[in-house]
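Report on one structure; see the data block that follows.
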Amino acid sequence: MLALHDVTVRLGGVRVLRDVSLSIETASTIALIGANGAGKTTTLRTIMGLTAMTGRIEFDGIDLTAIAPSRRPKLGIGYAAEDRRLFAGFTVEENIRMPGEVARLSSAELTRRLDRVYDILPELKEMADRPAGAVSGGQGKMVALGRALIIGSKLIMLDEPFQGLAPVLARRYADALRTLRNSDSSLTLIITESNPDLLRKFADRTLVIERGAVRDARPAGADVV
Ligand SMILES: Nc1ncnc2c1ncn2[C@@H]1O[C@H](COP(=O)(O)OP(=O)(O)O)[C@@H](O)[C@H]1O
Ligand SMILES: [Mg+2]
């Protein structure tokens, strides 16, 4: 459903993604694991159309590379960037609604989706009217998840969502992701993480990225020798 074919990205003359080919099945949860600088963020940004790449990306049978980045969210792709960039002067709810407004969803559809976000993340409803600039870093990650949910009806990509989350919030965040998966069995999730063990049980499949090259992880517990 999502397939990358020989995707290469050069940044400042360096090949940051190197001939990445992979295909991700609809409704799977993928962990993309790699050390700092391995190319996780670049992979997600490339799928969003935010880098100059060679190669091809297909999504739901269409050539994604031919779709302008600004139109990709409309395909049902939600993305929570690593630096979650909330608009501090807007309320939490305004921040969550914003991608839906940019994608020109009807107000009825936007309300329906917002209700769904609040079903999955009820704590966001409690902070709906607070300025986004006033929420903590961990809460901000929840807001960023809500914002990705508004638009990500098919595919949601979360860039290191667990990074810097206190254990209690990390568990809450993982619970919210489980609720999300249970509420929509066709949803595909791609989650990046630097700790190889954190998402081992949570993901259906683990991909490892090393210096811009992606491969499937060995099955958990399988030793080299
Ligand atoms: N704008 C840029 N110009 C040059 N190199 C970059 C740029 N952005 C990222 N890189 C390099 O690309 C590599 C991959 O970065 P990134 O995708 O952010 O990795 P990760 O998210 O896994 O930490 C790193 O070596 C980083 O230094
Ligand atoms: Mg990164």
Side-chain angles (χ1 to χ4, degrees), residues 2-24 28-59 64-65 68-70 72-73 77-86 95 99 136-149 151-152 155-167 169-170 173-174 176-177 188-200 202-218 220:
L2 175 71
L4 278 65
H5 304 279
D6 295 321
V7 170
T8 290
V9 172
R10 287 185 174 77
L11 292 172
V14 177
R15 286 205 307 163
V16 172
L17 292 188
R18 298 185 287 158
D19 296 322
V20 172
S21 293
L22 56 91
S23 112
I24 288 174
S28 56
T29 296
I30 304 293
L32 178 63
I33 306 298
N36 240 341
K40 304 179 295 295
T41 297
T42 306
T43 303
L44 301 193
R45 286 176 52 80
T46 299
I47 295 167
M48 292 307 293
L50 303 174
T51 64
M53 56 159 273
T54 59
R56 204 158 50 83
I57 303 182
E58 260 174 71
F59 178 67
L64 199 57
T65 356
S70 61
R72 291 186 199 194
I77 305 178
Y79 171 49
E82 198 172 10
D83 53 350
R84 47 203 169 70
R85 277 194 236 132
L86 300 181
N95 270 274
S136 72
Q139 291 169 329
K141 293 243 180 188
M142 297 287 183
V143 179
L145 175 59
R147 200 164 54 173
L149 287 184
I151 208 77
L155 170 65
I156 294 182
M157 302 194 292
L158 306 170
D159 199 0
E160 296 207 44
F162 293 98
Q163 182 67 33
L165 273 190
L169 265 181
Y173 194 101
L177 291 182
T188 308
L189 278 174
I190 304 177
I191 306 169
T192 70
E193 176 50 49
S194 56
N195 174 348
D197 297 320
L198 189 74
L199 298 173
R200 203 187 282 277
F202 190 75
D204 301 312
R205 182 179 170 201
T206 298
L207 297 171
V208 175
I209 182 163
E210 259 172 359
R211 275 168 274 120
V214 178
R215 60 172 168 80
D216 267 283
R218 287 183 202 94

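Both counts, for ligands and for their atoms, begin at 1 and track the order of listing. These numbers come from the heavy atoms of this one structure, side chains and all, not from hydrogens, waters or symmetry mates.
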Practice task
Find, among atoms of Glu82 that are N, O or S, the one nearest to the Mg ion (ligand 2), and state its name.
Solution key: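 For Glu82, the N, O or S atom at the smallest distance from the Mg ion (ligand 2) is OE1.
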Is there side-chain contact between [X] and [Y], with heavy atoms separated by less than 4.5 Å?
{"X": "Arg10", "Y": "Met53", "answer": "no"}
{"X": "Ser28", "Y": "Arg205", "answer": "no"}
{"X": "Ile47", "Y": "Leu2", "answer": "yes"}
{"X": "Thr54", "Y": "Val9", "answer": "no"}
{"X": "Ile190", "Y": "Leu44", "answer": "yes"}

Problem - Close-range residues for ligand 1, whose non-hydrogen atoms fall below the 4.0 Å threshold - result: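 The answer is Leu11, Val16, Ala35, Asn36, Gly37, Ala38, Gly39, Lys40, Thr41, Thr42, counting any residue whose heavy atom sits under 4.0 Å from ligand 1.
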Problem - Thr41 backbone or side-chain N/O/S under 2.8 Å from the Mg ion (ligand 2) - result: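 It does: Thr41 brings an N, O or S atom closer than 2.8 Å to the Mg ion (ligand 2).
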I'd like a table of donor-acceptor pairs (distance under 3.5 Å, sequence neighbours excluded) in which one partner is a side-chain atom from residues 156-167, with atom names and distances.
| from | atom 1 | to | atom 2 | distance (Å) |
| --- | --- | --- | --- | --- |
| Asp159 | OD1 | Thr192 | OG1 | 2.7 |
| Asp159 | OD2 | Thr41 | OG1 | 2.7 |

Exercise for the section: For side chain to side chain donor-acceptor pair (under 3.5 Å), just list the numbers for Thr51 and Thr46, CA-CA rounded to whole Å, side-chain angles, deciding distance to a tenth of an Å, and then say yes or no. Expected result: CA-CA 5 Å; Thr51 64; Thr46 299; 2.8 Å; yes
